[in-house]
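Contents: one structure, followed by commentary.
Values reported hereafter were calculated over all heavy atoms of this structure, with side chains retained and with hydrogens, waters and symmetry mates removed.
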Amino acid sequence: MCGVVGMFRYGHGEHGIDPNEVLAVRDMMTKRGPDGAGAWFSSDRRVALAHRRLAIIGLGEQGAQPMELHLRCSGASGTLVVTFNGEIYNYRELRRHLEARGHHLRSQTDTEVLLHLYEEYGNEFVDILRGMYAFALFDVRANTMLLARDPLGIKPLYLADDGDTIRLASSARALLQSPSVSNATSDAALASLLVFGNIPEPLTAWSDISTVPSGSTITIQSDGSTSIRRFFSLSEEITRAEQTPAPQSVDELVRDALSDSVNAHMVSDVDVGIFLSAGIDSSAVLGLAAEHRQPLSAVTVGFEEFTGTNFDEVPLARVVANTYGARHSVEVVTRDDFSSSLPTMLSDMDQPSIDGLNSWLVARAAASQGLKVALSGLGGDEFLGGYSTFVTVPTWYHRLKWPASVPRLGRASRRMLTPVLHSYKPKAAGMLEYGDSLAHAWLLRRCVQAPWELPLILGQERAATALAALDIDLILAGAIAPEPQTDVGCIAALEGSLYMRNQLLRDVDWAGMAHSLEIRVPLVDSVTFPVLARALTRAWKPPAGKQSLGRAPTPPLPSAILARSKTGFFVPMAERAVNQPEFSDWRRIPTLAHPKCSWARRWSYVVAGQFGML
């Protein structure tokens, strides 16, 4: 896990890239890579790559980046150069394949494998990678740069183009260190944060910065023109799975697929730990990991305010740790600790989100145990039907779709009910209007604020402009294109593409990197997901998938874990945080100041203010 930087000057000016600018962007990401730093500049100074390194595979100088490769068919110096963030879990198999084809690799790193794969297969070599990654690879001969981001969007990559130079980095905030990148914020992103609780790719909080789309490559030509190739689509995988026969043994399918994924995600030259809660997902990851490696370190965060209540996850986490023989450490967070850490959490947050504070706390706990890598159970709910949305949203939709199809009836109903329900259940006023599709029903269930509430926060004119620029319907359509034919398939595509990718995965990245900790997500794997999707769409009725996950380890999870009601991993101090004096600006907004307003609504406004978006 590292921080990457790239700059490609395609304009016609005489001056090259300023090395000080490159180093300023790079070193803004020192926490992402405290183990080393490097920079490479082309002979004409019009291309630069830089790197901050967190050494996990190929320790020592053999893994230093940017890494160069002299092509076998060319004597040109530094013909290929790459700066790479992430891990390629199948790099050993790919290395053996390359050696069989005559390649000579000098190191035991996955970075070098990327260079040789590009030499062998060109831009399409990403199709055979298994891992989480974001990289920039410059081909000196062709004077082109290849950008790539992993299929499910685990690792970030941001870019800015000022009409003269394309700049890219692993952190959006790091790009702001460049004097050529404006810190002007985006009203479309503001609307998204207030509605979704996050900012969907390719948007960012800043107008000049965008995200390289997940599951895509971008090729930059010498004149600055770009071409995008999408090589993975969550929705396409789901629709493909819907056409396959249901598996004969769901439990066997789940066990085999996830055991393989967990084993692959343990490839490392340093110790690998586990984030452990009292939930099925993280407990199953620990159980499966214990079959492949012993001993393991498990880390649990507890909260002082939950001690002795049903929300305290520590006692059950201890049971799970003992079941699978893990070394177990517990960090109990107090109210004072949380309050004193909050300013640091917000400054570490790379993109606005209403989530991530929990991930920051458990990452801190893991790093305090000396860990550089930890496995998380993220993805189980999205890909195994664990959320209530898999049941409630289809139910709402099938009950309401016929009256919702009556022209103008839904909007009229919402306008009539809003004054009545606003103080109690403000989103409920839109149930008929948003019952016309699964995507709309999912949005209403998931949104923090409904779109029609934004004028009450931003004012009529600004809200209308922001929502028009955001285009929520286009975002929803993109998440389910091509649209799955099963209800669970459609919800999985929405949860995975919009909630998991734009919020959960992004949050574990910045939260882990704040502590120089690599967080791996074996339940979010491009090889495993198509296998799980067969059962998700053809055999399961939620929440059967989570129960299969619980039976996957040997022995299966303790019955107390399987029977426990889902609570989620949340921070009990969050409501108090939003009431701190320095965050009191929301009190001037009547809808947010209402006694029954949720902390999440207020927090979205607070976070927007912290990023200078209001």
To the nearest 0.5 Å, atom CG of Leu152 lies from atom OG of Ser233 at 10.0 Å

Whether Arg173 engages the ring of Tyr158 as a cation-pi pair (distance to the six-membered ring centre under 6.0 angstrom, angle to the ring normal within 45°) should be assessed.
no

Can any side-chain N or O of Ser339 pair as donor or acceptor with the backbone N or O of Arg335 at less than 3.5 Å?
yes

Should Tyr605 and Val578 be marked as a side-chain contact (heavy atoms from CB on, under 4.5 Å) after you check the CA-CA gap, both sets of side-chain angles, and the distance that decides it?
CA-CA 10 Å; Tyr605 186 85; Val578 82; over 6 Å; no

Does Arg446 make a cation-pi contact with Tyr387, if we ask for NZ or CZ under 6.0 Å from the ring centre and within 45° of the axis?
yes

Phe275/Val285 under side-chain contact (heavy atoms from CB on, under 4.5 Å): CA gap, chis, key distance, verdict:
CA-CA 9 Å; Phe275 290 171; Val285 168; over 6 Å; no

In terms of heavy-atom contacts, Ala600 and Val448 come closest through O-CG1, 3.7 Å

So, taking the atom named CE in Met613 and the one named CG in Leu194, what distance separates them when rounded to the nearest 0.5 Å?
8.0 Å

Would a line drawn from the ring center of Tyr434 to the ring center of Trp452 be shorter than 6.0 Å?
yes

If you count the non-hydrogen atoms of other residues, nucleotides and ligands that lie under 6.0 Å from CZ in Arg587, is the total more than 12?
yes

For residues Met513 and Leu54, determine if any side-chain heavy atom of one lies less than 4.5 Å from a side-chain heavy atom of the other.
yes

Ser214 vs Arg501, side-chain hydrogen bond (donor to acceptor under 3.5 Å, both in side chains): CA-CA, chis, key distance, verdict
CA-CA 9 Å; Ser214 57; Arg501 177 182 295 152; 3.1 Å; yes

Would you confirm whether Ser235, through its side chain, and Ala493, through its main-chain N or O, come within 3.5 Å as a donor-acceptor pair?
no

Regarding Ser353 and Asp507, is there a side-chain donor-to-acceptor distance under 3.5 Å anywhere?
yes

Ser341 and Arg364: side chain donor to acceptor below 3.5 Å:
yes

Can you tell me how far CD of Glu582 sits from OG of Ser584, rounded to the nearest 0.5 angstrom?
8.5 Å

Considering all heavy atoms of both residues, which atom of Ala365 and which atom of Val299 are nearest to each other, and what is their separation?
CB-CG1, 3.6 Å

Using the rule salt bridge (Lys or Arg N to Asp or Glu O under 4.0 Å), only one of Arg414, Arg601, Lys427 pairs with Glu453; which is it?
Arg601

Below 4.5 Å, heavy atoms only, C-beta onward: do Ile199 and Arg506 meet side chain to side chain?
yes

Which heavy-atom pair separates Gln351 from Leu203 by the least distance, and what is that distance?
NE2-O, 3.9 Å

Looking at every heavy atom in both Leu157 and Ala148, which two are closest together, and how far apart are they?
CD2-O, 4.1 Å

Any non-hydrogen side-chain atom of Glu382 less than 4.5 Å from a side-chain atom of Leu504?
yes

Using the rule given for side-chain contact (heavy atoms from CB on, under 4.5 Å), can you reason through Met345 versus Phe338, listing the C-alpha separation, both sets of side-chain angles and the distance that settles it, and then say yes or no?
CA-CA 10 Å; Met345 295 183 201; Phe338 178 83; 3.9 Å; yes

Run the side-chain contact (heavy atoms from CB on, under 4.5 Å) test on Met132 and Glu518 for me, step by step, so that the C-alpha distance in whole Å, both residues' side-chain angles and the decisive distance to 0.1 Å come before the verdict.
CA-CA 11 Å; Met132 56 179 187; Glu518 175 176 287; 3.6 Å; yes

May I ask you to say whether Arg167 pairs ionically with Asp162, meaning some side-chain N is under 4.0 Å from a carboxylate O?
yes

Distance in Å, Met29 CE paired with Asp27 CG, rounded so as to fall on 0.5 Å steps
8.5 Å

Evaluate the side-chain hydrogen bond (donor to acceptor under 3.5 Å, both in side chains) criterion for residues Glu304 and Thr334: first the C-alpha distance (whole Å), next the side-chain angles of each, then the deciding distance (0.1 Å), finally the verdict.
CA-CA 5 Å; Glu304 185 180 56; Thr334 66; 5.1 Å; no

Any idea how Phe196 and Trp442 line up, ring-wise: parallel (<30°), tilted (30 to 60°), or perpendicular (>60°)?
tilted

Can you say whether the rings of Phe611 and Trp206 are parallel (under 30°), tilted (30 to 60°) or perpendicular (over 60°)?
tilted

I need the Trp360 CH2 to Thr344 OG1 distance, nearest 0.5 Å.
5.5 Å

Atom of Ala511, atom of Ala363 and distance for their closest heavy-atom approach:
O-CB, 3.7 Å

Under 3.5 Å, is there a donor-acceptor pair between the Thr389 and Arg445 side chains?
no

Between Leu276 and Ala317 the two heavy atoms that sit nearest each other are CD2-O, 3.3 Å

In Å, rounded to the nearest 0.5 Å, how long is the span from CD1 of Ile154 to CE of Met500?
7.5 Å

